[in-house]
Amino acid sequence: MSTITETGLLAGRNLRRFAKSPQLVADAVMFPLILLFLMLLVFGELVGAATHGGRYIDRLAPVIVLFSAAYGAVGTGVGFFTDLRSGIVDRFRSMNISRLSVLAGRIVGDLVRAVLVAAVTTAVAHLAGFRFTGGPLAVLGFFAVVALFAWIFLWLAVVVAMAASSEQAVSGALNTPVTLLLFLSSGFVPVEQFPGWLQPVVRANPLSLAGDALVGLSGGGPVLLPVLFTGAWAVAATVILVPLAVRLYK
Amino acid sequence: MTTGTEAGLGNLFGQGLLLAGRNIRLNSTADTISTMVVFPVIFVFGFLALFGNLLEARGIVYAQFLPPAIVVQWMFSVAITAAFCFASDRRNGMLARYRSLAISRGAVVVGRMAADSVRALLAIAVIIATGYVAGFRFQAGLPAALGFVALSVGFALTVSAGTSALGLVSRDPEAVSATLHVVYLPLLMISSAFVPADAFPGWIEPFVRHQPVTAVLDALRALAGGGPTAGPVLTAVAWLAGLLAVFSAAAVQAFRRAT
Amino acid sequence: MYGGGVEVEHLRKVFGRKTAVEDVSFTVEPGAVVGLLGPNGAGKTTVVNCLSTLVPLDGGRASVAGHDVAGDPAGVRASIALTGQFAAVDGVLTGRQNLVLFGRLLKLDRRAAAARAEELLTAFGLGEAADKPVASYSGGMRRRLDLAASLVVKRPVIFLDEPTTGLDPAGRQEMWEIVSGLREEGATLLLTTQYLEEADRLADRIVLIDHGRVIAEGTPGELKKRVGGQVCEVRAEPREQVLRTLRERFGDVVESGGTVTVRGADSETLAEVVAVLREACVEADDIQLRRPTLDEVFFVLTGRAPARRTGEEARS
């Protein structure tokens with residue numbers, strides 16, 4: 001069997017396992033949606049007033065989409081850790097399936113999942129007033145950026161899963177940076193609202209950059225520069241994390 | 001000797017304290033520095049950084065406004081842990097063992113309440129200390145500050161009674177804690193915890209103003225910041241007394257049936 | 001400290017629509033060991049939970065060491081040691097800390113609790129692991145600690161709910177030795193088990209229950225007589241011929257799953273079977289003499305295979 005076929009099969013397995021677990025689906029979809037509506041309710045008027053008529057949902061929805069992708073990576077880490085410990089990965093190896101396929105199957109399956117969850121989230125956000133105004137190509141670009149962003153965190157999750165000693169350690173090591181990135185991003189409030197010394201951090205945060213890209217691709221605004229910066233993050237993650245993951249896996 | 005280990009207040013509190021010690025020892029392995037210290041600090045400074053400027057523009061000193069909200073959030077977390085512990089005690093058979101021992105019938109409950117109080121006090125201390133660094137001050141004197149702490153712990157114990165009732169009917173600690181997180185988050189956020197009630201859309205404002213979490217927060221802010229305290233504190237205490245009556249009836253019922 | 005028995009009359013317990021226990025009666029004489037034997041979900045744990053005041057009875061009455069379960073639950077609790085199905089000890093605490101906690105809860109002073117813990121740890125072969133967290137114990141060690149925890153204060157009546165379920169053969173053996181020791185000390189013991197062998201080995205009398213009802217009661221010897229002693233299993237080809245040959249000679253011969261079984265066997269049967277097969281020029285792949293399994297006991301006593309149920313029901 002070719003590596004590509006194997007990868008496809010294993011990715012399918014991961015997706016099926018996800019789809020058949022109501023708890024995983026609820027966690028992956030519901031939590032970001034709850035957060036979306038709560039933030040909108042609690043901070044909508046305040047932020048709307050501070051940005052002089054800008055609609056909060058236009059900013060908030062993209063950030064929640066990105067957050068759900070990063071948050072989903074916590075599930076990836078825990079799932080991969082369980083697979084490693086339960087011996088199923090060893091079984092795949094013993095079946096003479098290429099090693100790369102197991103890793104690739106995990107990443108590809110969860111990338112698809114991240115994009116699907118993003119589609120559901122944007123659909124629900126539509127009810128709250130979120131709109132795509134840039135045509136079909138921009139919509140495609142929107143989800144491509146989501147996948148690019150998820151790519152960074154999936155590799156991080158896989159590396160953490162292989163390095164960690166317990167399931168709690170995996171979710172702890174992934175939850176903390178994800179929460180911090182969310183707090184220190186331009187998603188909930190505009191950059192200008194942060195204390196001056198923090199603003200450079202907020203601007204360089206991949207969640208802010210990808211968020212800017214998504215805002216540009218959905219509601220309109222600068223696209224090229226944020227996309228390039230997000231791409232830079234993805235390249236950096238690939239250069240550092242992918243060889244590390246492959247080495248740990250061997 | 002055989003009849004002397006079950007009846008009386010001495011047994012209730014003596015055995016309750018022993019069980020509290022056991023609960024705290026059990027919790028202390030799960031309560032790492034990160035959950036008990038780092039997270040409260042991140043939350044205080046995180047929210048300040050995020051929303052501080054927005055609310056200053058409305059004339060609200062956020063460093064004074066925020067810490068009570070983080071305290072309430074952590075009291076919820078203490079209560080969720082209580083439910084988690086009850087459900088796992090039930091799953092492991094520990095609860096059946098305690099119930100079959102010739103010990104005071106209420107000792108398990110007293111042990112849980114005492115352990116929850118200790119964890120609540122610890123969390124309050126960490127958050128208030130962090131708050132002081134950020135600019136929070138008790139402005140109404142020592143008695144009011146003590147009242148602040150007492151009301152916070154009272155809130156934690158009241159919510160614990162409710163969550164414990166749920167924990168006692170389940171054998172699945174993870175599911176209990178996941179369910180409770182989904183319940184508590186909206187209750188906390190759709191209150192005056194992070195922004196004042198008038199910042200909410202008009203249609204939901206009445207709910208925000210009249211729900212118990214807001215009542216407790218208003219009382220805590222009054223106790224911390226000065227101004228008229230009697231009204232808000234009475235409202236909060238009335239809410240807690242009512243909820244406690246309902247929750248503890250449910251918890252006792254669940255406890256009697258838990259094997 | 002020992003002395004005092006258990007009396008159960010027409011015990012009935014209903015959970016919602018499901019009747020867990022119906023009209024169960026038996027007696028455990030002071031100092032006797034009774035085995036409550038039955039498959040998963042038969043109602044064994046429910047009986048124990050009723051007797052240890054964990055769940056109220058819905059009918060009938062029961063008394064433990066002279067205390068009525070419904071009328072004087074505190075008196076019952078002061079007379080019993082319960083070791084439940086789950087090794088109910090705290091994993092993050094050490095073995096010693098667990099035992100000291102239970103001693104202190106039952107009002108031993110600090111020194112007495114420590115001394116009693118030390119005594120039990122040594123007696124139960126946990127001395128070396130005493131100060132390690134229980135989470136690092138093997139299943140057998142956990143079970144022994146669990147039993148020790150219920151014996152911190154000596155009680156006249158001891159309930160053991162499936163003390164060896166899930167243990168490996170070595171762990172089971174160690175547990176059996178400890179239980180035999182308690183029996184020699186004169187404790188009144190009610191133990192539940194799914195294993196005939198265990199009840200046979202430990203109990204003076206066996207109460208067999210299924211679907212919440214008592215279906216047989218007696219000494220292990222009496223029950224075995226009803227099942228017909230031992231069975232002799234033969235694996236040999238051609239099976240038809242083996243079956244025919246053996247049936248000509250022995251009364252009760254059945255065939256299932258490729259094995260021909262001669263019931264009502266004893267130590268001489270084995271030699272006879274070998275001789276008969278040699279006469280018929282059949283070479284057996286395997287011949288063995290063994291005790292009837294619980295399935296066979298059930299089959300003989302009820303005419304059907306024991307019901308297999310989920311573990312979930314057994315707990316409630």
Side-chain angles (χ1 to χ4, degrees), chain A residues 22-24 26-27 29-52 56-57 63 78 128-129 166-169 171-173 175-199 201-202 205, chain B residues 29-35 38-39 41-60 62-63 65 69 134 172 174-179 181-205 207-208 213-214:
Chain A
Q23 204 185 336
L24 283 181
D27 195 40
V29 181
M30 289 307 291
F31 185 61
L33 285 180
I34 289 176
L35 203 60
L36 173 78
F37 281 105
L38 286 178
M39 292 305 288
L40 202 57
L41 215 52
V42 178
F43 297 107
E45 290 199 357
L46 276 177
V47 178
T51 50
H52 311 292
Y56 192 35
I57 186 72
V63 168
V78 172
S166 76
E167 210 178 300
Q168 280 80 9
S171 57
N175 262 326
T176 312
V178 169
T179 311
L180 265 179
L181 282 183
L182 183 65
F183 264 123
L184 299 180
S185 76
S186 61
F188 287 159
V189 298
V191 185
E192 300 76 40
Q193 295 291 336
F194 280 88
W197 58 274
L198 250 167
Q199 290 187 8
V201 179
V202 176
N205 181 344
Chain B
T29 60
D31 289 338
T32 51
I33 302 276
S34 84
T35 56
V38 178
F39 263 90
V41 173
I42 290 186
F43 270 96
V44 171
F45 284 105
F47 271 98
L48 268 179
L50 268 176
F51 300 109
N53 285 344
L54 274 178
L55 287 146
E56 305 281 334
R58 284 196 157 215
I60 289 170
Y62 209 47
F65 186 85
D172 186 346
E174 281 79 21
V176 166
S177 135
T179 311
H181 270 106
V182 172
V183 174
Y184 110 88
L185 203 60
L187 270 180
L188 177 70
M189 290 194 70
I190 309 178
S191 75
S192 65
F194 300 112
V195 301
D198 54 23
F200 281 85
W203 59 271
I204 203 164
E205 223 183 283
F207 172 79
V208 177
V213 178
T214 298

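A note on names: the letters A, B, ... follow the listed sequences, proteins ahead of strands, and every chain is numbered from 1.
For A:Phe37, no part sits under 4.5 Å from any heavy atom of chain B, backbone or side chain. If you measure heavy-atom distances from A:Leu41 to chain B, the contacts under 4.5 Å come from both the backbone and the side chain. Proximity to chain B involves both the backbone and the side chain of A:Leu46, based on heavy atoms less than 4.5 angstrom apart. With a threshold of 4.5 angstrom between heavy atoms, A:Leu180 approaches chain B through side-chain atoms but not through N, CA, C or O. Of the two parts of B:Leu48, neither the backbone nor the side chain holds a non-hydrogen atom closer than 4.5 Å to a non-hydrogen atom of chain A.
Ring centroid separation for the pair A:Phe188 and A:Phe183 does not come in under the 6.0 Å cut-off.
Proximity of B:Leu54 to B:Tyr62: side-chain heavy atoms (C-beta onward) are nowhere separated by under 4.5 Å. Considering only heavy atoms from C-beta on, B:Phe207 comes within 4.5 Å of B:Ile190 through its side chain.
The aromatic rings of B:His181 and B:Tyr184 sit perpendicular to each other, their planes meeting at more than 60°, with 30° as the lower class boundary.
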What donor-acceptor contacts under 3.5 angstrom involve side-chain atoms of residues 192-205 of chain B, with partners at least two apart or in another chain?
residue, atom, partner, partner atom, Å
B:Asp198, OD1, B:Arg58, NH1, 3.3
B:Glu205, OE2, B:Arg209, NE, 3.3
B:Glu205, OE2, B:Arg209, NH2, 2.8

